[in-house]
Novice: 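The structure's right below; bear with me while I get my questions together.
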Amino acid sequence: MKVTIFGSGYVGLVTGACLAHVGHQVTCVDIDAERVERLNRGESPIYEPGLDTYLASGLSEQLLSFTTDAENAVADADVIFIAVGTPTCEDGSADTRFVLNVAKTIGKYLRRPSLIVTKSTVPVGTADKIYEAVAETLAYRDLSIKFHVASNPEFLKEGAAVNDFMKPDRIIVGVDAPEVVDLFRQLYAAFNRNHDRLMVMDVRSAELAKYAANAMLATKISFINEMANIAERVGADIEAVRKGIGADPRIGYHFIYPGCGYGGSCFPKDVRALESTAKQFGYEPQILPAVESVNSRQKHSLFSKLAGRLGSDLRGQTIAVWGLAFKPQTDDMREAPSIPLIKSLLVAGARVLAFDPKASDACAEIFAEYEGIDFVDTKEAAVTEADALVICTEWKSFWSPDFAQLRRLMRGRLVVDGRNLYDTALMAREGFDYISIGRPTMAGETPLMAVDTDEELSVLADAV
Ligand SMILES: NC(=O)c1ccc[n+]([C@@H]2O[C@H](COP(=O)([O-])OP(=O)(O)OC[C@H]3O[C@@H](n4cnc5c(N)ncnc54)[C@H](O)[C@@H]3O)[C@@H](O)[C@H]2O)c1
Ligand SMILES: O=c1ccn([C@@H]2O[C@H](COP(=O)(O)OP(=O)(O)O[C@H]3O[C@H](CO)[C@@H](O)[C@H](O)[C@H]3O)[C@@H](O)[C@H]2O)c(=O)[nH]1
């Protein structure tokens, strides 16, 4: 099939590369000319395992191309995907302007019956708005061309995007007519061979299913983080609690890892957008704002724990930070917990030595205007002469450090671990003052927090 995809970001690019890999003729349209040029040279603008190989084979087999020319890309397509960003507006709602701009572009250039598909995460009712925008533009051109608008939300995770796309656990399609389902069956035939992954529903249910999935996952994370905060105070170990509850198949082990808060381009934005949609439709949600507020509090907990030991005047102290990206296997820094941590450290006067296997450049852009932070090439360089080490992201290379070397390189012994990578007793034997999430320290004490109440945490949040 001839497929055109608007937006060559995480979703558009992975969708394009994977659909080309299974033989579709894919044209990706982006307004960013530099990105298009790089992609046509085979250079991916993002780090995503496996993507480079698919990009290279798609280009060499001439099944994949990148362009800024929307006109030809639309005129020739059987299926047109919209995979542009839907960032957060100031009031928390999703900004659908980029999506609706693409709809107008499609209306401007459509020449034959086509299926328009939203892959972007969009509020319920957006497919109707896309339909109107395309129909209006066609009417302006005095043309009557039949087209459908379907919703096909994307569930891939960054860092595992190619694998998730190639082996989906479900393909949700929201359709307005039965004939559209056949087109989706053809499009996704290669991913749907042994088990029927296609779930057909109405368009609004598909749009809501995407938000419901992300809100559910974010709720699990905030729930376990709330339990971790309680565990710390009552002298329990959240890791034992996590295993204990995960053994119940009704709860399960997935997505209940405590940590320094969820980040990324999706959970924070989508929880807020769903809350906003609910309010627009006259419903005051209770769980969603709580999920969000537990998370923003959690993002400040690392600094608070560190300052509980070293004080909140960190002038003259060097703090190493391991892991900057919002999760391992990506260079994406959007809403990463490392950002509020580093801002607090710099405001407190610390010198920061930061290391991440992939995200240093993206992080350096964020902190371009700040003084006191240096990005180093190895995790060893980060800890050299450091008074404390803080771990924000659980990259595999952090799981088994050479503790003797760490002791030699570091000036201090404090390790604040936002991902619970190490055993508390082992760290005590190795001579470290180890503070993690939801676990008492080896001395059996609750980790001291520099600031703790909601009010104090929000003062800290405002300060950074
Ligand atoms: N990132 C993820 O893991 C993920 C997963 C599932 C769903 N989503 C959703 O998918 C959508 C896209 O997310 P993303 O992370 O890929 O975004 P992104 O910011 O990485 O990429 C968006 C791309 O769209 C391009 N663009 C903007 N306006 C355009 C236009 N008019 N024509 C052509 N291109 C245009 C931009 O230049 C950019 O390259 C969002 O709605 C997001 O919520 C993201
Ligand atoms: O038990 C867990 C699991 C995750 N996280 C954090 O949650 C965030 C998001 O992680 P993850 O969901 O793995 O990455 P994303 O790429 O943001 O993927 C989510 O958001 C995408 C965009 O909508 C969806 O497509 C995916 O299905 C959904 O998992 C990261 O900061 C993780 O560190 C935790 O703190 N504890």
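These numbers come from a predicted model, not from an experiment. Both counts, for ligands and for their atoms, begin at 1 and track the order of listing. As a basis for the values below, the full set of heavy atoms in this structure was taken, side chains included, without hydrogen atoms, waters or symmetry mates. In this chain, residues are counted from 1 in sequence order.
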Novice: Are F165 and F191 near enough that their ring centres are under 6.0 Å apart?
Specialist: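 Yes, close enough.
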
Novice: With respect to K210, determine whether any N or O atom, backbone or side chain, lies less than 3.5 Å from an N or O atom of ligand 1.
Specialist: no

Novice: Could you work out, for atom 31 (N) of ligand 1, the closest of T15, V102, N101 by heavy-atom distance?
Specialist: V102

Novice: Any idea which atoms of ligand 2 are less than 4.0 Å away from a heavy-atom of I256?
Specialist: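 Listed by number with element, the hits are 1 (O).
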
Novice: For F155, is the NZ or CZ atom of R170 found under 6.0 angstrom from the centre of its six-membered ring and inside 45 degrees of the ring axis?
Specialist: yes

Novice: Can you report which non-hydrogen protein atom sits closest to atom 27 (O) of ligand 2, along with the distance?
Specialist: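 Protein heavy atom with the smallest distance to atom 27 (O) of ligand 2: F155 O, 2.8 Å.
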
Novice: Using the side-chain hydrogen bond (donor to acceptor under 3.5 Å, both in side chains) definition, which of the options T424, D417, D423 pairs with Y434?
Specialist: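 Single side-chain hydrogen bond (donor to acceptor under 3.5 Å, both in side chains) partner of Y434 among T424, D417, D423: D417.
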
Novice: At what distance is the nearest protein heavy atom to atom 5 (N) of ligand 2, and which residue and atom is it?
Specialist: I221 CD1, 3.4 Å

Novice: Go through ligand 1 atom by atom and flag the ones less than 4.0 Å from a non-hydrogen atom of A83.
Specialist: 12 (C)

Novice: Could you list the atoms of ligand 2 found under 4.0 angstrom from a heavy atom of K210?
Specialist: 22 (C), 23 (O), 24 (C), 25 (O)

Novice: Could you go step by step and tell me if D78 and R112 meet the salt bridge (Lys or Arg N to Asp or Glu O under 4.0 Å) rule?
Specialist: CA-CA 9 Å; D78 301 310; R112 62 183 172 98; 3.1 Å; yes

Novice: Closer than 4.0 Å to some heavy atom of E158 - which atoms of ligand 2 meet that?
Specialist: 16 (O)

Novice: Give the intermediate values and the outcome of salt bridge (Lys or Arg N to Asp or Glu O under 4.0 Å) for residues R185 and D196.
Specialist: CA-CA 10 Å; R185 287 209 179 281; D196 190 5; 3.2 Å; yes

Novice: Hey, is CZ on R41 packed in by over 12 heavy atoms from elsewhere, all under 6.0 Å?
Specialist: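 Yes, because the 6.0 Å sphere around CZ of R41 holds more than 12 heavy atoms from other groups.
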
Novice: Can you classify the ring geometry of Y370 versus F367 as parallel (below 30°), tilted (30 to 60°) or perpendicular (above 60°)?
Specialist: perpendicular

Novice: Show me which atoms of ligand 1 lie under 4.0 Å from any heavy atom of R35.
Specialist: 39 (O)

Novice: For atom 11 (P) of ligand 2, what is the nearest protein heavy atom, given as residue, atom name and distance?
Specialist: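 Protein heavy atom with the smallest distance to atom 11 (P) of ligand 2: K327 NZ, 3.7 Å.
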
Novice: Would you mind listing which atoms of ligand 1 come within a distance below 4.0 Å of any non-hydrogen atom of S265?
Specialist: 1 (N)

Novice: Just to confirm my output: which protein heavy-atom neighbour is closest to atom 2 (C) of ligand 1, and how far is it?
Specialist: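 Ranked first by proximity to atom 2 (C) of ligand 1 is E158 OE2, 3.5 Å.
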
Novice: Which atoms of ligand 2 have any heavy atom of E154 under 4.0 Å away?
Specialist: 25 (O)

Novice: Closer than 4.0 Å to some heavy atom of F6 - which atoms of ligand 1 meet that?
Specialist: 32 (N), 33 (C)

Novice: Closest by any non-hydrogen atom to atom 17 (O) of ligand 2: pick that one out of F267, Y257, F326.
Specialist: F326

Novice: Only heavy atoms of C266, strictly under 4.0 Å: list the atoms of ligand 2 that pass.
Specialist: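 Per the distance check, 20 (O), 21 (C), 22 (C), 23 (O).
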
Novice: So is K269 polar-close to ligand 1, meaning N/O to N/O under 3.5 Å?
Specialist: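 For ligand 1, there is an N or O atom that lies under 3.5 Å from one belonging to K269.
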
Novice: Is T86 close to V99 at the side-chain level, that is, under 4.5 Å between some pair of heavy atoms?
Specialist: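 Yes, close enough: below the 4.5 Å cut-off.
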
Novice: Quick check: do E43 and D52 have side-chain heavy atoms less than 4.5 Å from each other?
Specialist: no

Novice: Which heavy atom of the protein is the closest neighbour of atom 22 (C) of ligand 1, given with residue, atom name and distance?
Specialist: G85 N, 3.9 Å

Novice: Is it the case that atom NZ in K220 sees more than 12 heavy atoms from other parts of the structure closer than 6.0 Å?
Specialist: yes

Novice: Give me the nearest non-hydrogen protein atom to atom 28 (N) of ligand 1 as residue plus atom name, then the distance to 0.1 Å.
Specialist: I31 CD1, 3.4 Å

Novice: Just to confirm my output: which protein heavy-atom neighbour is closest to atom 24 (O) of ligand 1, and how far is it?
Specialist: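 Going by distance alone, atom 24 (O) of ligand 1 is nearest to G7 CA, 3.4 Å.
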
Novice: Do K396 and P328 come close enough that some side-chain heavy atom pair is under 4.5 Å?
Specialist: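 Result no, sub-4.5 Å side-chain heavy-atom pair not found.
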
Novice: Got the closest protein heavy atom to atom 12 (O) of ligand 2, with its distance?
Specialist: F255 CZ, 3.2 Å

Novice: More than 12 heavy atoms of other residues, nucleotides or ligands under 6.0 Å from OH of Y140: is that the case?
Specialist: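 It does not: Y140 OH has 12 such atoms or fewer within range.
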
Novice: For D361, does the CG atom have more than 12 heavy-atom neighbours from other residues, nucleotides or ligands under 6.0 Å away?
Specialist: no

Novice: Could you tell me which atoms of ligand 1, counted from 1 in the order shown, lie closer than 4.0 angstrom to a heavy atom of C266?
Specialist: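 In order of number, 2 (C), 4 (C), 44 (C).
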
Novice: With a 4.5 Å heavy-atom cut-off, do M227 and E232 have their side chains touching?
Specialist: no

Novice: Can you confirm whether or not the ring centre of F98 sits under 6.0 Å from the ring centre of F6?
Specialist: no

Novice: Please check if atom CZ in F375 has more than 12 non-hydrogen atoms from other residues, nucleotides or ligands closer than 6.0 Å.
Specialist: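 Counting neighbours around CZ of F375, more than 12 heavy atoms of other residues, nucleotides or ligands fall under 6.0 Å, so yes.
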
Novice: Measure from NZ or CZ of K379 to the centre of the six-membered ring of F355, then state whether that distance is under 6.0 Å and the direction lies within 45° of the axis.
Specialist: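 No - K379 does not lie over the ring of F355 by the 6.0 Å and 45° rule.
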
Novice: Return yes or no for this condition: an N or O of R419 is under 3.5 Å from an N or O of ligand 2.
Specialist: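 R419 vs ligand 2: N/O contact under 3.5 Å present.
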
Novice: Where does A161 meet ligand 1, judged by heavy-atom distances below 4.0 Å: at the side chain, the backbone, both, or neither?
Specialist: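 Neither; no heavy atom under 4.0 Å.
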
Novice: Tell me: protein heavy atom nearest atom 37 (O) of ligand 1, and distance?
Specialist: D30 OD1, 2.6 Å

Novice: Other residues, nucleotides and ligands only: do more than 12 of their heavy atoms fall within 6.0 Å of CD1 on I287?
Specialist: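 It does not: I287 CD1 has 12 such atoms or fewer within range.
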
Novice: What part of S120 sits under 4.0 Å from ligand 1 if we count only heavy atoms: the side chain, the backbone, both or neither?
Specialist: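 Both backbone and side chain.
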
Novice: Does any N/O atom on K119 come nearer than 3.5 Å to any N/O atom on ligand 1?
Specialist: no

Novice: How far is atom 18 (P) of ligand 1 from its nearest protein heavy atom, and which residue and atom name does that atom have?
Specialist: G9 CA, 3.9 Å

Novice: Decide yes or no on side chain to side chain donor-acceptor pair (under 3.5 Å) for T67 and D69, but give the supporting numbers first.
Specialist: CA-CA 5 Å; T67 182; D69 171 13; 4.9 Å; no

Novice: Answer with side chain, backbone, both or neither: which part of R334 has a heavy atom less than 4.0 angstrom from an atom of ligand 1?
Specialist: side chain

Novice: Any nitrogen or oxygen of G259, main chain or side chain, under 3.5 Å from a nitrogen or oxygen of ligand 2?
Specialist: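 No; the residue has no nitrogen or oxygen that sits under 3.5 Å from a nitrogen or oxygen of the ligand.
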
Novice: Return the closest protein heavy atom for atom 14 (P) of ligand 1 as residue, atom name and distance.
Specialist: Y10 N, 4.0 Å

Novice: Any side-chain heavy-atom pair from Y262 and V271 closer than 4.5 angstrom?
Specialist: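 SC-SC contact between Y262 and V271 confirmed.
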
Novice: For N225 and S222: C-alpha separation, side-chain torsions, deciding distance, then whether side chain to side chain donor-acceptor pair (under 3.5 Å) applies.
Specialist: CA-CA 5 Å; N225 284 336; S222 278; 5.5 Å; no

Novice: For ligand 2, is any non-hydrogen atom under 4.0 Å from L156's backbone (N, CA, C, O), its side chain (CB onward), both, or neither?
Specialist: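 The backbone, only.
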
Novice: Please determine if E154 has a nitrogen or oxygen closer than 3.5 Å to a nitrogen or oxygen of ligand 1.
Specialist: no

Novice: When only distance counts, is E394 in polar contact with ligand 2, meaning an N/O pair under 3.5 Å?
Specialist: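 No, since none of the N or O atoms of E394 sits under 3.5 Å from an N or O of ligand 2.
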
Novice: Is V29 touching ligand 1 with its side chain, its backbone, both, or neither, if touching means heavy atoms under 4.0 Å apart?
Specialist: backbone

Novice: So which of V84, T86, V11 gets nearest to atom 11 (C) of ligand 1, if we judge by its closest heavy atom?
Specialist: V84

Novice: Any nitrogen or oxygen of T121 lying under 3.5 Å from a nitrogen or oxygen in ligand 1? Just yes or no.
Specialist: yes

Novice: Considering heavy atoms of the protein only, find what lies nearest to atom 29 (O) of ligand 2 and give residue, atom and distance to 0.1 Å.
Specialist: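 Scanning the protein heavy atoms, the shortest distance from atom 29 (O) of ligand 2 goes to K157 CG, 3.6 Å.
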
Novice: Out of curiosity, is T121 lining ligand 2, as in a heavy atom under 4.0 Å away?
Specialist: no

